[in-house]
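Reviewing the structure listed below.
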Number of protein chains: 2
Amino acid sequence: MDKDRNRSDIVADALEKLIFDGTFADGARLDEAQLAERFGVSRTPVREAFQRLAISGLVAQIPRRGVFVRQPGPVDLLEMFEVMAELEAVCVRLAATRISDAALDRLDEINAACNAAVGARDADRYFDENEAFHRALYRHSGNAFLEAECLRLHRRLRPFRRRQLHLRGRMAQSMAEHEAVVAALRDGDGARGAAAMRAHIAVQGEKFHHLMASLRTAAE
Amino acid sequence: MDKDRNRSDIVADALEKLIFDGTFADGARLDEAQLAERFGVSRTPVREAFQRLAISGLVAQIPRRGVFVRQPGPVDLLEMFEVMAELEAVCVRLAATRISDAALDRLDEINAACNAAVGARDADRYFDENEAFHRALYRHSGNAFLEAECLRLHRRLRPFRRRQLHLRGRMAQSMAEHEAVVAALRDGDGARGAAAMRAHIAVQGEKFHHLMASLRTAAE
DNA sequence: CCAGCCTATCTTGCATACAAGAACGTTGAC
DNA sequence: GTCAACGTTCTTGTATGCAAGATAGGCTGG
């Protein structure tokens with residue numbers, strides 16, 4: 001089933017990774033021929049990959065000039081996190097009247113796994129379990145389109161979210177916020193759950209400093 | 001400045017129109033060679049256009065099989081309108097504390113133009129002015145990323161929104177809702193404005209019937 | 001010595017050629 | 001008569017070739 005993927009898909013994924021991990025700095029020009037050779041394919045799949053990255057906003061395509069990496073700046077990031085917070089808040093509000101008791105129990109299980117990761121001080125494992133929690137909430141919004149949009153933005157913000165976790169005490173705080181969300185859901189209190197979720201995602205306080213710092217290290 | 005656009009852009013736009021206006025029914029296969037000939041270009045720009053449409057969700061691309069038109073069904077539409085309502089509600093809530101008095105006056109002007117269109121029973125003009133109102137709200141959310149996301153979804157829902165207007169009395173009701181939103185913004189009451197906006201977009205009551213009816217006519 | 005223009009070269013955008021996989025029809029066997 | 005297997009043909013995916021625009025460097029004129 002992995003053989004179903006075209007070369008353009010593979011190139012697009014590879015390029016995305018290279019942009020995310022900072023191999024290509026902001027403003028760098030991506031050379032078609034060079035990348036084609038690097039990936040061992042012709043220019044065609046590379047061009048198709050460019051198109052997709054351009055739509056995702058990871059690169060800017062200037063006609064007849066080439067494509068340029070477009071790393072998000074501080075303002076872009078704050079805006080994206082704000083939208084993420086609002087979207088996730090909507091998920092919670094909608095889920096409050098749509099989620100089943102069984103699903104709530106499942107959320108508790110995921111949170112228990114998160115908690116175990118916190119206890120083990122395993123940031124990577126916490127990161128994974130945290131993602132499962134958020135994905136579950138998207139799912140329980142009962143709106144597949146909303147779920148897809150959330151997944152898209154979540155994926156886009158992934159590399160920036162990762163760094164936040166290493167802030168001391170952040171994992172424990174994050175856990176508490178998760179539990180507040182689930183508690184509100186159990187009470188069927190959509191407004192309270194939404195507020196808790198918004199606070200969970202929002203870039204505020206110390207998180208702001210960390211986000212800015214992460215940008216600086218990425219640039220160097 | 002229109003010469004800057006590549007052929008793939010032109011093909012993508014043309015295809016989008018053809019899909020929106022129902023020339024290609026749901027599930028229809030889009031033939032590369034045929035469309036290339038139709039537009040007088042080679043297969044390459046057609047393929048690039050397909051990529052973009054696939055990401056927008058207008059067509060589904062099945063590897064080695066071709067691309068198929070994917071018209072949204074009733075459930076898809078309800079979900080998309082729900083997300084649109086929530087996104088616009090967020091715009092209003094954020095705008096409540098960010099919009100300037102001058103911008104509020106400008107919104108009143110747009111609404112006055114809307115009102116004139118209602119008086120003239122000019123649905124097309126009302127449609128245009130209505131779009132200006134919504135675009136202005138996206139702008140005043142003070143979040144460029146949110147604005148872009150709203151524009152994207154708004155554009156996607158455009159053909160379905162258009163039909164709703166011809167419902168008797170809908171224009172007048174829509175106007176009243178616009179004014180409720182602006183009034184809440186003047187009071188700086190984000191929550192009230194958000195609720196008003198959500199109600200304005202939400203598919204409920206008679207609008208539901210109309211949306212379903214429009215789907216039936218589009219399918220025939 | 002600097003500015004502007006012209007040309008050489010490189011890059012993109014598009015067209016076309018080619019290969020591999022999928023659909024379809026035919027033929028043969030049971 | 002029906003089903004299956006094979007081969008043909010059509011379509012997609014990829015590579016390559018070609019033309020037009022863009023950049024850079026040198027040359028000429030002021």
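Here is the naming used below: chain letters follow the sequence lines, and residue numbers restart at 1 for every chain.
- Nearest-nucleotide mapping onto DNA chain D: of A:Pro63 and A:Val41, the residue sitting toward the 5' end is A:Val41.
- Spacing between atom CZ of B:Arg5 and atom P of C:dG13 amounts to 14 Å, rounded to whole angstrom units.
- Note: A:Met84 CE to A:Met197 CE = 8.5 Å, rounded to the nearest 0.5 Å.
- Side chains of A:Ser8 and A:Asn6: a donor-acceptor N/O pair is absent below 3.5 angstrom, by distance only.
- As a whole-Å value, the separation of A:Glu32 CD from C:dT12 P is 4 Å.
- Contacts with DNA chain D (heavy atom under 4.0 Å) in residues 42-49 of chain B: B:Arg43, B:Arg47, listed by number.
- When DNA chain D is scanned in the 5' to 3' direction for atoms under 4.0 Å from non-hydrogen atoms of chain A, the outermost contacting nucleotides are D:dG13 to D:dT23.
- Look at B:Ser8 and you won't find any side-chain N or O under 4.0 angstrom from OP1 or OP2 of C:dG13.
- Of the N and O atoms on the side chains of A:His140 and A:Glu147, not one donor lies less than 3.5 Å from an acceptor on the other residue.
- Ion pair A:Arg198/A:Glu88 not flagged as a salt bridge, since none of the NZ, NE, NH1 or NH2 atoms sits closer than 4.0 Å to an Asp/Glu carboxylate oxygen.
- The number of heavy-atom neighbours closer than 6.0 Å to CZ of B:Arg162, taken from other residues, nucleotides and ligands shown, is above 12.
- With hydrogens and angles left out, the side-chain atoms of B:Gln51 and A:Gln51 include no donor and acceptor closer than 3.5 Å.
- For the atom pair CG (A:Leu87) and OH (A:Tyr138), the distance works out to 8.5 Å, reported to the nearest 0.5 Å.
- One can place CG of A:Asp31 at 14 Å from C1' of C:dG13, the figure rounded to the nearest angstrom.
- Two residues, A:Gly40 and A:Arg64, neighbour DNA chain D, and the one matched to the more 5' nucleotide by heavy-atom proximity is A:Gly40.
- The existence of a salt bridge linking B:Arg156 and B:Glu149 is excluded, since no basic side-chain nitrogen approaches an acidic carboxylate oxygen closer than 4.0 Å.
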